[in-house]
Amino acid sequence: VSLRINQVVANSILTKSKLPIADYVINPYIGCMHACAYCYAKFIGGFTGHAKEPWGSYLDVKLFNPEKLRRQLARLPVGTSVFLGSMTDAYQAIERKQHATRRILEASLPCSVGLSTLTKSDLVARDVDLWSQIPWGSVGFSISTTDDGSAAIFEKRCRPVSKRLEAMETMHRRGIDVFAFVGPILPLVTDLRKTMSIVAKCCGGVMAGALNLRCGNRANLEAALSTRAPDIKNDFFRLAGDPSYWQGLREEYHHLCNTLGIRNLGFLDYSGVMDSKASEREK
Ligand code: SF4
């Protein structure tokens, strides 16, 4: 697959959010070079002129005016939540030289918004100086498995998960509000107990999420498993479609939060519903 990187001029990159996770979202990039087989965001290609291009084969870098963004953020009420990277990962490899995400963080510094992100890249630790100054800032790391080899089956162009864990620890030690998203949980691949035990040591809270097969990702998952793990393919899909399997994992997740003393941020089930009851119990 050839990779194409374009630059597009963005009049504004701050968008009112339709998601429950935040009041506003900022996506510095369109597309995602990480090309995860289970990605839920690939549908966005149909709305951004990339309908015919495979997910992971294109990336549009948004060119924006940081001063305009600073003024927009300054007008928001104190504590407004802004999520960075709802349809991409804000820490693409090109961010290393592009600095689009870094400029967004700089623009948000004089403002009092609650900025958060969720990433699969250890590049986020480059910005530890800025994240540590952002009021109500929080940085999440997606981790489906702590095994680099298993992760590579599904996350073919992500940085190794071992690097992610190092970055988590660095940022947690610097006092940043770090959380782990253990997900998507991959049947026969994710060892929930092991993963939660490891991430618990380097973050302030954990949420978990079931694999959702309703996002047009089945073909990509089939291709990844056929090539890299054909022995588990049939059972993987059988379990992924079994509600009782997910119910068992949900219970295990809540049990592990209690026994490991982890702040429970909730369990997102395979139909996209957050189990908030347990979160309430934890308060
Ligand atoms: S990092 Fe996130 S947005 Fe990017 S391909 Fe993976 S799941 Fe999709």
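Both counts, for ligands and for their atoms, begin at 1 and track the order of listing. Atoms considered below: every heavy atom in the structure, side chains included; atoms not considered: hydrogens, waters and symmetry mates. We count residues from 1, following the sequence as given.
Side-chain atoms of K233 and S226 include a donor-acceptor pair closer than 3.5 Å. Donor-acceptor pairing under 3.5 Å is lacking for the side chains of E169 and H172.
Using a 4.0 Å cutoff on heavy atoms, Y40 does not count as a contact of ligand 1.
For atom 6 (Fe) of ligand 1, the tally of protein N/O/S atoms lying closer than 2.8 Å stands at 1.
Ligand 1 places these atoms under 4.0 Å from at least one heavy atom of W55: 5 (S), 8 (Fe).
With sequence neighbours excluded, no residue forms a salt bridge (charged side-chain N to carboxylate O under 4.0 Å, His left out) with D89.
Residue L188 holds its CG atom at 11.0 Å from CG of D231, rounded to the nearest 0.5 Å. The CG atom of N27 sits 5.0 Å away from atom NZ of K62, with the distance rounded to the nearest 0.5 Å.
R70 and E67 are joined by a salt bridge, as a carboxylate oxygen and a charged side-chain nitrogen come within less than 4.0 angstrom of each other. Checked for salt-bridge contact, R164 and E155 meet the test: a charged N lies under 4.0 Å from a carboxylate O.
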